[in-house]
Q: 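Here it is, the structure in full.
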Amino acid sequence: MISIVDYGVGNVQAFLNVYKRLNVAAQAVRTAEELEGASKVILPGVGHFDHAMQRLSASGMREPLNDLVMHHQVPVLGVCVGMQMLADNSEEGDLPGLGWVPGQVRAFAAWPPAAVLPRPHMGWNDVRAVADTRLFEQLESASRFYFLHSFFFDAQRPEDVLAVANYGAEFSVAVRTGNIYGVQFHPEKSHHFGTQLLRNFAQL
C-alpha cells in the first residue's frame with residue numbers, strides 16, 4: 001500500500017488519481033495510526049518551507065514517518081516542497097528540515113546563474129538522469145516534467161543527485177539516499193512522464 005501523507009499541504013488527490021488509473025493500491029493518510037503498515041510513502045508539498053514543516057509536525061505524523069523511513073527503511077518519495085523537506089535546512093525559512101538527505105535548499109534569487117531569470121521557475125523543462133536508478137526506468141534521456149518553484153535542493157554529496165535540469169545552469173531536480181527519494185518537479189502533473197515515474201516508484 002502506498003501511503004500519501006495528507007497534512008494539508010499538497011495535492012493528494014492528484015496522486016490518488018494516477019495510482020487509480022495504474023490499478024495500484026494507494027491511500028491518503030492523516031494520522032499516525034493510518035500511517036502504520038505503509039509499504040511506501042509519498043510526501044507531497046507546496047508553498048512555504050516553514051509552513052510545510054509546521055503542518056507536518058502538527059499532524060502528529062512526523063515522528064512515525066521518521067521511524068518508518070529511517071529505522072524500517074520504507075521507501076519514501078518527497079515531491080516539490082516535500083523534496084525540499086528532506087534537506088537539513090532551507091534559505092526560505094528558519095526551521096530545520098527532516099535531515100534525511102544531506103544538503104540545503106537554496107533560492108534561485110541568490111544563485112547567480114538564475115538570479116536574472118523569472119521566478120518562480122514555472123512550466124515544462126527537460127530532466128536528464130545522471131545516475132542509473134529504477135526511478136527513471138523507461139524514461140527518455142531528456143524527459144519533460146512540470147515545475148513550479150523558486151528554491152532548489154543543493155545536495156551536499158554529488159552521488160546523491162539522480163537527475164538535473166537547466167535554469168541558467170544545471171541544478172539537481174532528483175535526489176536519492178538509500179530508500180529516500182526526492183523530486184523537485186510535479187510527477188502528478190507531468191502526463192505520461194510523471195505517470196511512468198510514479199509507476200516506477202510503486203515497483204521499487
Side-chain angles (χ1 to χ4, degrees), residues 3-15 28-30 32 35 41-70 76-115 117-123 125 127 145-157 160-165 167-177 179-190 194:
S3 296
I4 303 166
V5 183
D6 185 359
Y7 59 111
V9 181
N11 189 355
V12 172
Q13 189 60 49
F15 290 97
V29 296
R30 300 176 181 87
L35 192 58
V41 175
I42 292 178
L43 178 65
V46 295
H48 192 278
F49 181 89
D50 278 7
H51 177 67
M53 292 302 306
Q54 289 167 346
R55 290 299 298 264
L56 181 61
S57 295
S59 74
M61 290 185 284
R62 179 171 178 171
E63 289 308 316
L65 183 60
N66 189 75
D67 184 61
L68 278 175
V69 172
M70 300 303 291
V76 62
L77 175 65
V79 175
C80 196
V81 173
M83 172 195 183
Q84 297 175 6
M85 293 164 71
L86 308 179
D88 297 312
N89 54 69
S90 173
E91 292 181 349
E92 186 179 20
D94 299 316
L95 294 178
L98 294 168
W100 294 346
V101 182
Q104 180 186 36
V105 178
R106 299 179 60 192
F108 278 135
W111 188 51
L117 298 177
R119 293 183 300 277
H121 168 221
M122 180 173 62
N125 201 345
V127 169
F145 289 90
Y146 182 80
F147 289 83
L148 178 58
H149 64 118
S150 297
F151 295 80
F152 70 98
F153 195 119
D154 186 12
Q156 180 178 314
R157 301 180 303 212
D160 290 340
V161 178
L162 292 184
V164 297
Y167 201 60
E170 286 191 338
F171 68 99
S172 60
V173 299
V175 295
R176 178 198 178 187
T177 297
N179 57 304
I180 303 163
Y181 297 80
V183 294
Q184 181 59 64
F185 48 80
H186 287 274
E188 78 282 12
K189 298 179 180 180
S190 297

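The residues of the chain are indexed from 1 along the displayed sequence. This structure is a prediction, so every number in the text was calculated from the model and none was measured.
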Q: D50 and L95: which non-hydrogen atoms are nearest, and at how many Å?
A: OD1-N, 3.1 Å
Q: From L77 CG over to R176 CZ, what is the distance, rounded to the nearest 0.5 angstrom?
A: 12.0 Å
Q: Just do the side chain to side chain contact (heavy atoms under 4.5 Å, CB included) check on I180 and V69 with the steps written out, would you?
A: CA-CA 7 Å; I180 303 163; V69 172; 3.6 Å; yes
Q: Using 0.5 Å steps for rounding, measure from the NE2 atom of H48 to the CE atom of M53.
A: 12.5 Å
Q: Looking at every non-hydrogen atom in both residues, tell me the closest pair between P113 and A169 and how far apart they are.
A: CB-CB, 3.6 Å
Q: Is the backbone of G103 close enough, under 3.5 Å, to the side chain of D88 for a donor and an acceptor to pair up by distance?
A: yes
Q: Would you give the length of the straight line joining atom CG of D6 to atom CD1 of I42, rounded to the nearest 0.5 angstrom?
A: 12.5 Å
Q: Can you list everything that forms a ring-ring contact (aromatic ring centres under 6.0 Å, His included) with F151? Sequence neighbours excluded, please.
A: none
Q: Using a 4.5 Å cut-off on heavy atoms from C-beta on, say whether the side chain of P44 contacts that of N11.
A: no
Q: Of all the heavy-atom pairs spanning S150 and R119, show the shortest one and how long it is.
A: OG-CB, 4.2 Å
Q: Measure the spacing between CZ of F15 and CD of E188 and express it to the nearest 0.5 Å.
A: 3.5 Å
Q: Is there side-chain contact between H51 and V81, with at least one heavy-atom pair below 4.5 Å?
A: no
Q: Can you give me the closest heavy-atom contact between Y7 and L56, atom names plus distance?
A: CD1-N, 3.5 Å
Q: Keeping the roles fixed (side chain from S190, backbone from Y146), state whether a donor-acceptor pair exists under 3.5 Å.
A: yes
Q: Provide the closest heavy-atom pair for V164 versus S172 in the form atom of the first, atom of the second, distance.
A: CG1-CA, 4.3 Å
Q: Step by step, would you call F153 with L86 a side chain to side chain contact (heavy atoms under 4.5 Å, CB included)?
A: CA-CA 9 Å; F153 195 119; L86 308 179; 4.3 Å; yes
Q: State which residues pass ring-ring contact (aromatic ring centres under 6.0 Å, His included) with H121; sequence neighbours excluded, sorted by chain then number.
A: F147, H149, Y167, F171
Q: V173 versus F145: any side-chain heavy-atom pair under 4.5 Å?
A: no
Q: Scan residues 103-115 for pairs that pass salt bridge (Lys or Arg N to Asp or Glu O under 4.0 Å), counting only residues two or more places apart or in two chains.
A: R106-D154
Q: Specify the closest pair of heavy atoms between G45 and C80, including all atoms of both residues, with the distance to one decimal.
A: O-CB, 3.3 Å
Q: Atom CE in M83, atom CZ in F152: separation rounded to 0.5 Å?
A: 10.5 Å
Q: List the steps and the verdict of side chain to side chain contact (heavy atoms under 4.5 Å, CB included) for W100 and V175.
A: CA-CA 11 Å; W100 294 346; V175 295; over 6 Å; no
Q: Could you walk me through whether V9 and V46 pass side chain to side chain contact (heavy atoms under 4.5 Å, CB included), step by step?
A: CA-CA 6 Å; V9 181; V46 295; 4.2 Å; yes
Q: Quick one: pull up OG in S90 and CZ in F49 and give me the separation to the nearest 0.5 Å.
A: 5.0 Å
Q: What residue among L148, V127, V79 forms side chain to side chain contact (heavy atoms under 4.5 Å, CB included) with F185?
A: V127
Q: Mind checking whether Q104 and Q156 have side chains closer than 4.5 Å, heavy atoms only?
A: no
